[in-house]
Amino acid sequence: MKSFAISAEPIDVSVGARRLADDRAGALVTFEGWVRNRNEGQSVGSLEYEAYAPLAESEGARIMAEARERFEITGAVAVHRTGHLRIGELAVWVGVTAEHRSAAFDACRYIIDEAKARLPIWKKEHYASGATAWINCATRGDHAGGTAP
């Protein structure tokens, strides 16, 4: 299985956690990016994510390989949704295991930050006003735990 994937289906976090099970691991750190109801002062009703999947998955695999090289981790898995998502839905999930928590935290943050900066993923925000706007996820500040991964 791939360590990084783009998915049109809802993310099942238990699948990712099971894939990371390892007797050497003393820590599992996860990041979940959810669709929230506000962004930059506007009320958001829903989001649509689009990705150029072949490039996103190959670049995502590179990010995962870099994390394995930079940090002493035992495993890492990430998945990003595409399609129409409602408020509260999971847009991105990253899981990292390591012998010690510090490496797991550092690698998890590295993966999500690099994914935001490098992956060809765009979101279309649907505002309560009826307006919409397409946004490249990397161009909008830190949305950790928010509308963009």
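The side chain to side chain contact (heavy atoms under 4.5 Å, CB included) test with V79 is passed by exactly one of I11, V15, D12: I11.
Rounding to the nearest 0.5 Å places OG of S43 at 12.0 Å from CZ of R36. Note that the CD1 atom of I111 and the CD1 atom of I73 stand 5.5 Å from one another [nearest 0.5 Å]. Remark: H80 NE2 to I112 CD1 distance equals 7.0 Å, nearest 0.5 Å. The distance from atom OG of S3 to atom CD of E57, rounded to the nearest 0.5 Å, is 10.0 Å. Atom OG1 of T132 is separated from atom NZ of K123 by 13.0 Å, given to the nearest 0.5 angstrom. F105 contributes atom CZ, which lies 13.0 Å from atom CZ of F31 (distance to the nearest 0.5 angstrom).
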Intermediate values then yes/no, side chain to side chain contact (heavy atoms under 4.5 Å, CB included), I6 and F4
CA-CA 7 Å; I6 297 292; F4 180 87; 3.9 Å; yes
Does the side chain to side chain contact (heavy atoms under 4.5 Å, CB included) test come out yes or no for I135 and E125, once each step is laid out?
CA-CA 8 Å; I135 300 163; E125 293 184 334; 3.4 Å; yes
List the atom pairs, with distances to 0.1 Å, where a side-chain N or O of residues 83-100 and a protein N or O form a donor-acceptor pair under 3.5 Å, not counting sequence neighbours.
{"residue": "H84", "atom": "NE2", "partner": "S46", "partner atom": "OG", "Å": "2.9"}
{"residue": "E89", "atom": "OE2", "partner": "R86", "partner atom": "N", "Å": "2.5"}
{"residue": "T97", "atom": "OG1", "partner": "T74", "partner atom": "OG1", "Å": "2.7"}
{"residue": "T97", "atom": "OG1", "partner": "G75", "partner atom": "N", "Å": "3.1"}

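Side-chain contact between N37 and V44: absent, with no pair of heavy atoms (C-beta onward) separated by less than 4.5 Å. Contact of the T30 side chain with the V13 side chain is not registered, since no non-hydrogen atoms from C-beta on lie closer than 4.5 Å.
Minimum interatomic distance between L119 and A56 (heavy atoms only, all atoms of both residues): CD2-O, 3.4 Å. Contact detail for Y110 and I63: the closest heavy-atom pair is CE2-O, 4.0 Å. Among all heavy-atom pairs drawn from W122 and Y52, the shortest one is CZ3-N, 3.8 Å.
No salt bridge links E50 with K124; every basic N to acidic carboxylate O contact stays at or beyond 4.0 Å. A salt bridge links E66 and R118; the closest N-O separation between the charged side-chain nitrogens and carboxylate oxygens is under 4.0 Å.
V29 and V77 fall into different hydrophobic clusters, where Ile, Leu, Val, Met, Phe, Trp and Tyr residues are linked whenever their side-chain heavy atoms come under 4.5 Å apart, directly or through other members.
R81 places no side-chain N or O within 3.5 Å of a backbone atom of Y49 that could act as its donor or acceptor partner.
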